[in-house]
Amino acid sequence: DSHKHKDKYKDKEHKHKDHKKDKEREKSKYSNRYDVTVIHSYGRYIGADSSSSDLFGDMVQITNALVLALCTAVLVACVGMLVYILPSLCFFIPFRWEEERYTDGVKWKFLEHKGPVFAPPYEPLPSNVKFYYDGKHMKLSPGAEEVATFFAKMLDHEYTTKDVFRKNFFKDWRKEMTSEEKSKLADLNKCDFSEMSEYFKAQSEARKAMTKEEKLKIKEENERILQEYGFCVMDNHKERIANFRIEPPGLFRGRGDHPKMGMLKRRIRPEDIIINCSKDSKHPKPPPGTKWKEVRHDNKVTWLVSWTENIQGSIKYIMLNPSSRIKGEKDWQKYEMARRLKKCVDRIRAQYREDWKSKEMRIRQRAVALYFIDKLALRAGNEKEEGETADTVGCCSLRVEHLTLHQEMDGQEYVVEFDFLGKDSIRYYNKVPVEKRVFKNLQLFMEDKEPEDDLFDRLNTSILNKHLQELMDGLTAKVFRTYNASITLQQQLNELTTSEDNVPAKILSYNRANRAVAILCNHQRAPPKTFEKSMQNLQTKIDAKKEQLADAKRELKSAKADAKVRRDEKSKKAVESKKKAVQRIEEQLMKLEVQATDREENKQIALGTSKLNYLDPRISVAWCKKLGVPIEKIYNKTQREKFAWAIDMAEKDYEF
DNA sequence: TCACCTACTTAGCATGAAGCAG
DNA sequence: CTGCTTCATGCTAAGTAGGTGA
């Protein structure tokens with residue numbers, strides 16, 4: 001606690017300094033606003049493994065060289081002091097950033113951007129593209145025609161045949177019709193969109209067949225828009241915006257069995273848009289002749305633009321790219337939270353095991369749910385409004401019908417069979433042996449209930465998270481997923497990789513470790529449409545390579561024989577080069593075989609989600625450094641940008 | 001406690017660009 | 001250079017979680 005006090009004392013000092021710096025910033029803001037580095041070092045922001053984060057963070061922001069030099073001197077002194085008390089401080093440091101730099105949830109001090117890019121206006125169809133009703137040509141009003149084209153574009157998709165989709169679509173389409181159209185067009189089945197559909201197909205073909213110059217022109221135009229609208233300035237940093245384009249109108253297609261599929265997603269106009277930026281910034285201008293719904297200056301949030309979507313009535317946002325400071329820091333904090341859980345997970349596990357025996361039903365339910373979340377990495381499972389979305393569940397919203405209890409199964413005792421649709425209507429199917437106590441509790445929870453009744457009728461995510469909050473500050477259900485994913489990766493990497501392996505073998509091991517996590521988190525994908533074919537192609541390549549290897553070996557043999565007879569330099573050299581050739585081909589073959597294994601094992605599993613959202617990147621960075629694997633083999637360009645902070649700060653001995 | 005609202009992360013898929021063999 | 005495959009990226013839906021006020 002005394003350290004905490006010291007820390008706070010320091011904070012005050014820093015704030016005072018900050019104030020001066022603010023003034024400096026104020027002065028230089030207009031002249032220097034764009035004169036800032038895009039790439040910033042997270043090592044500095046977040047601290048050389050979490051010390052002195054804010055101090056250095058400020059340093060980056062100051063463009064004035066003199067101030068910078070002065071600060072450096074002060075900082076060196078401060079860092080010296082910090083290092084002295086560092087060991088005991090470590091626990092607090094991850095959260096110092098928020099506490100010190102921006103108190104009370106302030107997310108930024110300055111924010112300037114150009115606003116969103118709107119969807120291009122509707123271009124009416126050429127008059128030769130006709131729509132037919134009941135076999136007769138009918139010219140549609142522009143409003144009705146636009147919505148009709150949305151349907152026409154989807155004609156090849158299976159869901160345009162679904163009843164719900166067609167019903168929702170037709171209902172919303174009618175709203176856009178003139179009264180004349182409304183009275184004529186009574187039956188969707190009599191509508192013929194095929195000419196429209198053909199027209200769009202032809203257009204997409206034409207796009208593909210464009211000349212290089214035309215394609216280049218489009219690319220340049222996109223680049224121009226990106227440069228103009230794709231960046232903002234947040235606290236003296238030019239940052240990339242994630243989604244600066246407004247979602248175009250179209251037909252809503254939810255995932256799974258969605259009750260609202262086929263509804264019209266309406267066009268967003270400037271009048272729907274709320275702009276968020278700082279007061280002292282140059283405000284984005286609405287398109288000529290239009291107005292924003294509102295311009296606000298809320299620095300307690302991170303979004304730049306928002307609007308309300310008409311399908312669910314939810315709010316959509318324009319926010320920054322994952323490479324931005326604000327997202328990177330949040331990401332880092334997420335993993336620090338998971339690491340804190342690592343320190344007390346044993347205690348928490350002991351606690352919930354104890355709670356299985358509680359005399360209170362709500363505590364038993366809470367404990368069993370937490371056990372599932374921990375052991376199976378299930379999602380929390382918030383309640384959902386019935387009929388508004390697809391029927392999916394998470395842990396707390398599991399129903400009796402989603403699990404089957406087996407006293408004994410395949411030689412194992414107390415097996416629970418899970419079968420339910422989770423997020424994105426992805427099926428979770430798993431047979432898990434559980435402890436007897438859990439099994440007995442489940443029997444109790446399911447007693448006298450209908451299949452559609454809640455399994456945990458005395459529990460919801462809010463209750464669970466309140467309990468977790470008491471066990472560890474800041475703990476919520478989703479932290480378990482992050483924790484278990486990351487710890488699994490680390491363990492698997494330790495188990496699977498050896499430094500003697502070559503790089504392709506190491507990468508296979510990495511992917512296998514990654515795969516173990518993806519399986520744990522149930523990250524599935526539809527097998528790629530071209531999967532079988534691409535497997536075959538790979539096999540053909542392998543066969544060819546094998547033949548090539550046999551040839552090379554034969555040649556080596558004869559070269560050896562030749563060298564034995566001749567005993568001259570030239571033939572010796574020939575043997576050497578043949579040897580090298582064999583080696584090279586062996587390596588190539590092995591690479592191909594590894595690739596085939598990897599791909600086969602990956603058929604229905606998506607690695608990207610866990611890599612991007614659950615695995616502490618510092619584990620991967622450290623692994624790469626330790627085993628001499630180039631980071632590019634693990635992370636592509638985007639991923640390296642997102643994880644710049646980790647690449648910067650993790651050393652080879654980093655431990656999650 | 002509940003309904004509702006807001007802000008933010010996590011998710012799979014379609015598309016288009018890049019890469020590669022022939 | 002072409003045509004095909006593979007991969008990265010964009011898109012946006014669908015979650016989590018916390019707040020508010022009745």
Side-chain angles (χ1 to χ4, degrees), chain A residues 105 107 154 157 204 207-208 212 215 218-219 222 226 230 242-248 250 252-256 258 260-261 265 274 276 298 300-303 306 308-309 311-322 326-327 330-331 333-334 373 379-385 388-390 392-397 421-426 460-466 468-469 474-482 485 518 521-526 528-531 533-538 540-541 544 595 599 605-614 635-639 641-642:
Chain A
K107 303 287 168 53
M154 297 176 128
H157 277 108
S204 106
R207 225 173 303 127
K208 275 183 213 155
K212 255 192 224 146
K215 281 183 181 167
I218 292 173
K219 205 176 167 183
N222 280 336
L226 172 69
N243 55 325
F244 56 89
R245 286 173 198 275
I246 299 283
E247 295 171 19
F252 176 82
R253 167 59 186 158
R255 317 243 168 97
H258 198 116
K260 297 194 172 181
M261 64 169 84
K265 199 169 103 166
I274 302 173
N276 193 32
D298 182 357
K300 303 262 172 67
V301 296
T302 67
W303 53 268
S306 75
T308 302
E309 153 268 354
I311 304 290
Q312 314 281 359
S314 66
I315 308 169
K316 299 259 183 167
Y317 303 94
I318 291 182
M319 290 182 187
L320 297 192
N321 202 60
I326 205 147
K327 293 288 182 189
K330 201 75 190 296
D331 207 34
Q333 283 180 10
K334 174 180 77 186
I373 283 170
R379 295 187 186 82
N382 283 321
E383 305 96 301
K384 305 169 72 185
E385 224 174 320
E388 295 290 302
T389 58
T392 62
V393 297
C395 184
C396 295
S397 50
L421 296 181
K423 181 175 178 180
D424 293 319
S425 294
I426 297 289
N460 59 40
T461 52
S462 168
I463 295 169
L464 178 65
N465 281 333
K466 273 197 190 99
L468 293 175
Q469 198 65 242
L475 186 62
T476 63
K478 83 199 256 294
V479 179
F480 282 86
R481 244 166 108 82
T482 313
C521 295
N522 200 39
H523 292 142
Q524 296 188 29
R525 63 165 183 179
K529 288 185 187 82
T530 54
F531 184 83
K533 206 164 133 201
S534 91
M535 259 343 257
Q536 256 172 26
N537 287 348
L538 202 52
T540 317
K541 272 195 209 168
Q595 208 184 341
R599 194 175 296 177
I605 297 165
L607 300 185
T609 304
S610 50
K611 201 186 240 187
L612 232 47
N613 300 303
Y614 289 103
Y635 291 141
N636 67 31
K637 186 170 138 282
T638 322
Q639 294 168 159
E641 278 166 14
K642 169 165 180 175

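What you see is a predicted model, and the numbers here were worked out from it, not measured in a lab. Labels below follow one simple rule: chain letters A, B, ... track the order of the sequence lines, proteins then strands, and each chain is numbered from 1.
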Engineer: Can you tell which of B:dG12, B:dA7, B:dT9 lies closest to the side chain of A:His523?
Structural biologist: B:dG12
Engineer: Please check this pair: side chain of A:Asn460 against backbone of A:Ser462, looking for a donor-acceptor N/O pair closer than 3.5 Å.
Structural biologist: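 Looks like yes, one N/O pair under 3.5 Å.
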Engineer: Check this one for me: any side-chain N or O of A:Ser462 less than 4.0 Å away from OP1 or OP2 of B:dT1?
Structural biologist: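 False: A:Ser462 side-chain N/O out of range (4.0 Å or more) of B:dT1 OP1/OP2.
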Engineer: A:Asn276 and A:Trp303: which non-hydrogen atoms are nearest, and at how many Å?
Structural biologist: ND2-O, 3.1 Å
Engineer: Rounded to the nearest angstrom, tell me the gap between atom CD in A:Gln333 and atom P in B:dC8.
Structural biologist: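 My rounded result for the distance is 12 Å.
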Engineer: Over how many whole Å does the gap from A:Asp298 atom CG to B:dA7 atom C1' extend?
Structural biologist: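 Whole-Å distance recorded here is 10 Å.
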Engineer: Between the axis at one end of the helix from B:dT1-C:dA22 to B:dG22-C:dC1 and the axis at the other (five pairs apiece), what's the angle to 10 degrees?
Structural biologist: 10°
Engineer: Tell me whether A:Lys642 contacts the main-chain N or O of A:Asn321 through its side chain, where contact means a donor paired with an acceptor under 3.5 Å.
Structural biologist: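 Not at all, since once roles are kept as given, no pair shorter than 3.5 Å links the two residues.
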Engineer: List for me each residue that meets side-chain contact (heavy atoms from CB on, under 4.5 Å) alongside A:Glu247, sequence neighbours excluded, and say none if there are none.
Structural biologist: A:Lys265, A:Trp307, A:Lys316
Engineer: What integer distance in Å separates A:Asn522:CG from B:dG12:C1'?
Structural biologist: 12 Å
Engineer: Can you list the residues that meet the side-chain hydrogen bond (donor to acceptor under 3.5 Å, both in side chains) rule with A:Lys334, with sequence neighbours excluded?
Structural biologist: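 Residues passing side-chain hydrogen bond (donor to acceptor under 3.5 Å, both in side chains) with A:Lys334: A:Asp331.
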Engineer: Please confirm whether the shortest side-chain N or O distance from A:Lys327 to OP1 or OP2 of B:dT9 is below 4.0 Å.
Structural biologist: yes
Engineer: Could you give the CG-to-P distance, from A:Asn460 to B:dT1, as a whole number of Å?
Structural biologist: 8 Å
Engineer: Where along nucleotides 16-22 of chain B does protein come under 4.0 Å, by heavy atom, of base (B) or sugar-phosphate alone (S), with - for untouched nucleotides?
Structural biologist: --S----
Engineer: Go along nucleotides 12-22 of chain C 5' to 3' and tag each nucleotide: B for a protein heavy atom under 4.0 Å from its base, S when only backbone or sugar atoms are that close, - otherwise.
Structural biologist: BSBSBBS----
Engineer: Hey, does the side chain of A:Lys334 come within less than 4.0 Å of B:dT10's phosphate (OP1/OP2), counting only N and O?
Structural biologist: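 So the side chain of A:Lys334 is within the cut-off, an N or O lying under 4.0 Å from OP1 or OP2 of B:dT10.
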Engineer: Just the rounded figure in Å: distance from P of B:dA7 to CD1 of A:Ile318.
Structural biologist: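 Rounded to whole Å, this separation is 14 Å.
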Engineer: Looking at A:Met261 and A:Gly256, what are the two nearest heavy atoms and their distance?
Structural biologist: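 A:Met261 and A:Gly256 have their closest heavy atoms at CE-O, 3.8 Å.
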Engineer: Quick one, A:Leu320 and A:Thr302 - any side-chain contact, counting heavy atoms below 4.5 Å?
Structural biologist: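 No, their side chains stay 4.5 Å or more apart.
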Engineer: Can you check whether A:Thr461 reaches A:Glu383 side chain to side chain, under 4.5 Å on heavy atoms?
Structural biologist: yes
Engineer: List in chain and number order the residues that pass side-chain hydrogen bond (donor to acceptor under 3.5 Å, both in side chains) with A:Gln639, two or more places apart in sequence or in another chain; answer none if no residue qualifies.
Structural biologist: none
Engineer: Could you tell me how far apart A:Glu385 (CD) and B:dA3 (P) are, to the nearest whole angstrom?
Structural biologist: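 After rounding, the reported distance stands at 9 Å.
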Engineer: Counting neighbours of NZ on A:Lys466 that are heavy atoms of other residues, nucleotides or ligands and sit closer than 6.0 Å, is the number greater than 12?
Structural biologist: no
Engineer: Just the atom pairs and distances: protein N or O near nucleotides 3-8 of chain C's N or O, under 3.5 Å.
Structural biologist:
residue: C:dT5; atom: OP1; partner: A:Lys533; partner atom: NZ; Å: 2.7
residue: C:dT6; atom: OP1; partner: A:Arg599; partner atom: NH1; Å: 3.1

Engineer: Please check the phosphate of B:dT9 (OP1 and OP2 only) for any side-chain N or O of A:Tyr614 closer than 4.0 Å.
Structural biologist: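 Answer no for this pair, as no side-chain N or O of A:Tyr614 is under 4.0 Å from OP1 or OP2.
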Engineer: Can you list everything that forms a side-chain hydrogen bond (donor to acceptor under 3.5 Å, both in side chains) with A:Arg599? Sequence neighbours excluded, please.
Structural biologist: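 Counting only residues at least two positions away or on another chain, A:Arg599 forms a side-chain hydrogen bond (donor to acceptor under 3.5 Å, both in side chains) with A:Ser534.
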Engineer: Could I get the full list of side-chain hydrogen bond (donor to acceptor under 3.5 Å, both in side chains) partners for A:Tyr317, not counting sequence neighbours?
Structural biologist: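 Per chain and number, A:Tyr317 pairs via side-chain hydrogen bond (donor to acceptor under 3.5 Å, both in side chains) with no residue.
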Engineer: Taking only residues two or more places apart in sequence or in another chain, which ones pass ring pair (Phe, Tyr, Trp, His ring centres under 6.0 Å) with A:Phe244?
Structural biologist: none
Engineer: By nearest heavy atom, map A:Ala606 and A:Gly313 onto DNA chain B; which one lands nearer the 5' end?
Structural biologist: A:Gly313
Engineer: When we call it a touch if two heavy atoms are under 4.0 Å apart, what does A:Tyr317 touch: a base, just sugar-phosphate, or nothing?
Structural biologist: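 Base: the residue A:Tyr317, judged by heavy atoms under 4.0 Å, touches a nucleobase.
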Engineer: Toward the 5' end of DNA chain B, which comes first, A:Gln524 or A:Val301, by nearest nucleotide?
Structural biologist: A:Val301
Engineer: Between C1' on B:dC2 and NZ on A:Lys466, what's the gap in Å once rounded to a whole number?
Structural biologist: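 About 11 Å, once rounded to whole Å.
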Engineer: Measure from CE on A:Met154 to P on B:dA14 and round the result to the nearest Å.
Structural biologist: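 Going from CE in A:Met154 over to P in B:dA14 covers 11 Å.
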Engineer: Can you list everything that forms a side-chain contact (heavy atoms from CB on, under 4.5 Å) with A:Ala390? Sequence neighbours excluded, please.
Structural biologist: A:Thr392, A:Ser425
Engineer: Choosing from B:dC13, B:dA11, B:dA7, which nucleotide comes nearest the side chain of A:Thr609?
Structural biologist: B:dA11
Engineer: When all nucleic acid strands are considered with a 4.0 Å heavy-atom cut-off, which category describes A:Ser314: base, sugar-phosphate, or nothing?
Structural biologist: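 Here A:Ser314 touches no strand at all.
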Engineer: Residues two or more places apart in sequence or in another chain: which of them pass salt bridge (Lys or Arg N to Asp or Glu O under 4.0 Å) with A:Lys260?
Structural biologist: A:Glu388
